[in-house]
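Written below as structure tokens is the structure these notes are about.
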2 protein chains.
Amino acid sequence: MTQSPWQPISPEKPARPVREPLSRERIVDTAMRMLVEQGYEAVSMRKVAQALGTGPASLYAHVANKQELDNLLVNRAAREMEFPEPDPDNWQEQLKASMREMLRVMRAYPGVARAAIGQIPLGEQAMLSTERFLAILKAGNLPDQAAAWAVDLIPLYVTAVAFEESVQRTWEWTEDDIEGFVSELRSYFNSLDPQRFPITIALAGALTSGGSGDERFEFGIQVITAGLASLARQQG
Amino acid sequence: MTQSPWQPISPEKPARPVREPLSRERIVDTAMRMLVEQGYEAVSMRKVAQALGTGPASLYAHVANKQELDNLLVNRAAREMEFPEPDPDNWQEQLKASMREMLRVMRAYPGVARAAIGQIPLGEQAMLSTERFLAILKAGNLPDQAAAWAVDLIPLYVTAVAFEESVQRTWEWTEDDIEGFVSELRSYFNSLDPQRFPITIALAGALTSGGSGDERFEFGIQVITAGLASLARQQG
DNA sequence: ACCTGAACACCGTTCAAGT
DNA sequence: ACCTGAACACCGTTCAAGT
């Protein structure tokens with residue numbers, strides 16, 4: 001631990017690399033870029049470190065662990081979301097628009113949904129989006145407890161949808177692959193035992209359509225919005 | 001490496017172990033037991049193989065990969081779910097009861113939600129539970145396409161809730177830990193900038209209560225059921 | 001056909017040592 | 001305080017070789 005008391009006064013600064021020092025910011029920037037370009041699987045502590053030209057251990061001075069890094073990525077994405085000024089006469093449409101906005105951002109950062117799922121989003125940006133959702137729900141005259149539970153339900157749904165999509169993106173299917181899969185699925189449904197699967201067979205068409213995702217999502221936010229509206233206090 | 005050419009003719013069958021041979025059944029049985037006793041993380045190809053007294057490579061003769069094993073576990077759990085006979089006069093209550101039943105089973109096999117999330121459940125037992133949900137929704141007079149999208153939305157929600165719970169179970173919190181966390185959370189909410197987080201602060205109580213899970217889940221299934229009911233065709 | 005050991009290409013995290 | 005190399009204790013999957 002003791003140091004030699006004699007120290008040469010180096011004329012040209014120290015020999016240490018001139019690389020920019022690590023920081024939380026730089027780590028999250030790099031991880032975010034990797035997330036967009038290569039997907040969630042590519043964002044490991046080791047690969048982020050490598051991209052920064054160092055070893056995995058170096059990250060732990062700035063980030064507690066992988067979970068915290070995931071949290072920071074979710075928070076960074078939340079920064080991108082934009083919400084309308086609450087309007088009591090239009091709250092249902094605003095709620096749907098905000099859920100679409102949330103899905104838009106999660107699609108723009110594929111993999112962020114995987115980082116978000118099962119996390120309690122307590123970062124500042126994530127909290128701000130919660131605040132915005134609460135504002136819309138209170139404009140809709142929802143009771144406090146209903147609004148509080150709703151801001152739990154809403155991200156749960158949007159994140160789950162985005163997560164499903166990102167899993168399927170991982171499989172890297174082409175348009176043809178999807179078409180092939182859907183037609184296989186349809187014939188699988190039709191091959192089921194009619195005694196035990198009568199409705200599945202009857203609805204085979206409906207069950208295998210709307211795979212595009214957008215229609216399904218529109219259905220989901222319609223159901224949630226209508227369900228919440230049924231809980232709103234009557235005005236006046 | 002060479003062996004002596006002389007081999008005694010063993011009077012009692014070959015020297016190979018008398019262990020029961022591997023099979024899909026045995027692999028899923030073992031994995032399921034490990035899932036219940038030790039959680040999802042414990043169910044790796046390597047550990048399942050070890051529990052069966054063999055190496056990981058041996059499993060691949062019976063199971064395509066980890067993903068297929070996950071699928072088989074979900075399907076095994078689906079076997080446990082029981083559904084009511086559809087009753088058009090009571091479909092909303094039946095729908096809620098069935099969602100509770102689904103959550104009950106996922107809680108009984110903690111970790112199964114992690115295996116299920118982001119999966120398309122095409123096993124026979126999983127398909128049967130879809131058939132049951134469809135039966136209830138059609139008893140409620142929902143249009144085909146709405147029913148088809150609803151059987152996507154419903155497991156999505158229940159699985160996401162069960163998944164969240166299983167993540168939190170992994171942290172192995174005691175009653176006291178939770179209480180401490182909630183009170184920390186509450187004071188964190190109250191410490192926020194009132195200019196930017198007015199509603200979050202005002203609703204701090206509601207936002208941190210009902211963490212038990214059941215109330216939150218009841219709220220969710222109420223919202224979904226009411227939302228779906230709003231889409232049901234009028235009778236007659 | 002089924003099973004195996006060993007290897008390949010990865011993980012997250014810790015720790016003693018360096019500057 | 002920050003950074004590092006090396007190690008620890010893991011993953012899923014493949015493959016040549018055995019029976």
Side-chain angles (χ1 to χ4, degrees), chain A residues 1-10 12-27 30-31 34-35 38-73 111 114-115 167 170-171, chain B residues 1-3 5 7 9-10 13-27 30-31 34-35 38-73 111 114-115 167 170-171:
Chain A
M1 267 319 163
T2 53
Q3 257 183 277
S4 155
W6 182 85
Q7 292 276 48
I9 292 146
S10 51
E12 300 250 336
K13 288 290 172 42
R16 270 296 206 91
V18 287
R19 272 208 264 84
E20 226 174 306
L22 282 179
S23 71
R24 226 158 210 266
E25 270 293 291
R26 284 222 315 140
I27 291 169
T30 304
M34 294 171 70
L35 190 75
Q38 305 165 63
Y40 182 76
E41 281 68 32
V43 185
S44 66
M45 296 298 270
R46 301 180 96 99
K47 288 205 198 115
V48 171
Q50 199 185 19
L52 288 161
T54 182
S58 303
L59 304 186
Y60 286 85
H62 302 92
V63 163
N65 49 37
K66 179 69 193 327
Q67 207 190 123
E68 185 175 60
L69 179 55
D70 280 353
N71 240 301
L72 291 168
L73 291 170
R114 251 126 128 51
V167 170
T170 306
W171 301 340
Chain B
M1 267 316 159
T2 52
Q3 255 184 279
Q7 292 273 50
I9 292 145
S10 53
K13 284 293 171 42
R16 271 294 208 90
V18 287
R19 272 208 264 83
E20 226 174 308
L22 283 179
S23 69
R24 228 159 208 263
E25 270 294 289
R26 286 224 312 142
I27 291 169
T30 303
M34 293 170 72
L35 190 75
Q38 305 167 65
Y40 183 74
E41 281 67 35
V43 184
S44 66
M45 295 299 271
R46 301 178 96 99
K47 288 206 199 112
V48 172
Q50 199 184 21
L52 287 161
T54 183
S58 303
L59 305 185
Y60 287 85
H62 303 93
V63 164
N65 49 36
K66 179 70 192 327
Q67 208 190 120
E68 184 174 62
L69 179 56
D70 280 353
N71 240 300
L72 291 168
L73 291 170
R114 250 126 129 54
V167 169
T170 306
W171 300 340

Listing time: all N or O pairs from protein to nucleotides 14-16 of chain C that are below 3.5 Å?
none

Taking every non-hydrogen atom, the tightest pair across A/Leu22 and A/Arg26: CD2-NH2, 4.2 Å

Rounded interatomic separation in angstrom, taking NZ from B/Lys66 and P from D/dC11: 10 Å

Nearest-Å distance for atom pair CG/C1', residues A/Asp70 and C/dC11: 13 Å

Gap between atoms CD and C1', on A/Gln50 and C/dC11 respectively (whole Å): 13 Å

Sugar-phosphate only, base, or nothing, as touched by A/Ser44 at under 4.0 Å among non-hydrogen atoms: sugar-phosphate

Atom-pair distance (CG on B/Asn65; P on D/dC11), nearest Å: 17 Å

Considering all heavy atoms, the nearest A/Leu69-A/Val63 contact: N-CG1, 3.9 Å

A/Glu68 atom CD, over 12 foreign heavy atoms within 6.0 Å: yes

Rounded interatomic separation in angstrom, taking CG from B/Leu22 and P from C/dC2: 10 Å

Pairwise side-chain contact, A/Leu52 with A/Leu59, heavy-atom cut-off 4.5 Å (strictly under): yes

Per-nucleotide pairing state of DNA chain D [Watson-Crick or G-U, under 3.5 Å; [ ] pseudoknot-crossing; | other strand]: ||.|||||...|||||.||

Neighbour count above 12 (heavy atom, 6.0 Å) for B/Gln50 CD: no

Closest non-hydrogen atom pair, A/Ala31 against A/Val43: O-CG2, 3.7 Å

Which atom of B/His62 lies closest to which atom of B/Ser58, heavy atoms considered: ND1-O, 3.8 Å

All pairs passing salt bridge (charged side-chain N to carboxylate O under 4.0 Å, His left out) where residues 45-66 of chain A contributes a residue, at least two apart: A/Lys66-A/Asp70

d(CZ, B/Arg24; C1', C/dA1) in whole Å: 16 Å

A/Ile27 CD1 - D/dC3 C1' separation (whole Å): 11 Å

A/Arg46 or A/Leu59, whichever maps to the more 5' nucleotide of DNA chain D: A/Leu59

Rounded distance in Å - CE (A/Met45) to P (D/dA9): 20 Å

Nearest-angstrom distance, P atom, C/dC10 to D/dA9: 22 Å

Side-chain N or O of A/His62 closer than 4.0 Å to phosphate OP1/OP2 of D/dA1: no

Validation row: B/Met45, B/Asn65 side chains within 4.5 angstrom (heavy atoms): no

Phosphate contact (C/dC10 OP1 or OP2) by A/Lys47 side-chain N/O below 4.0 Å: no

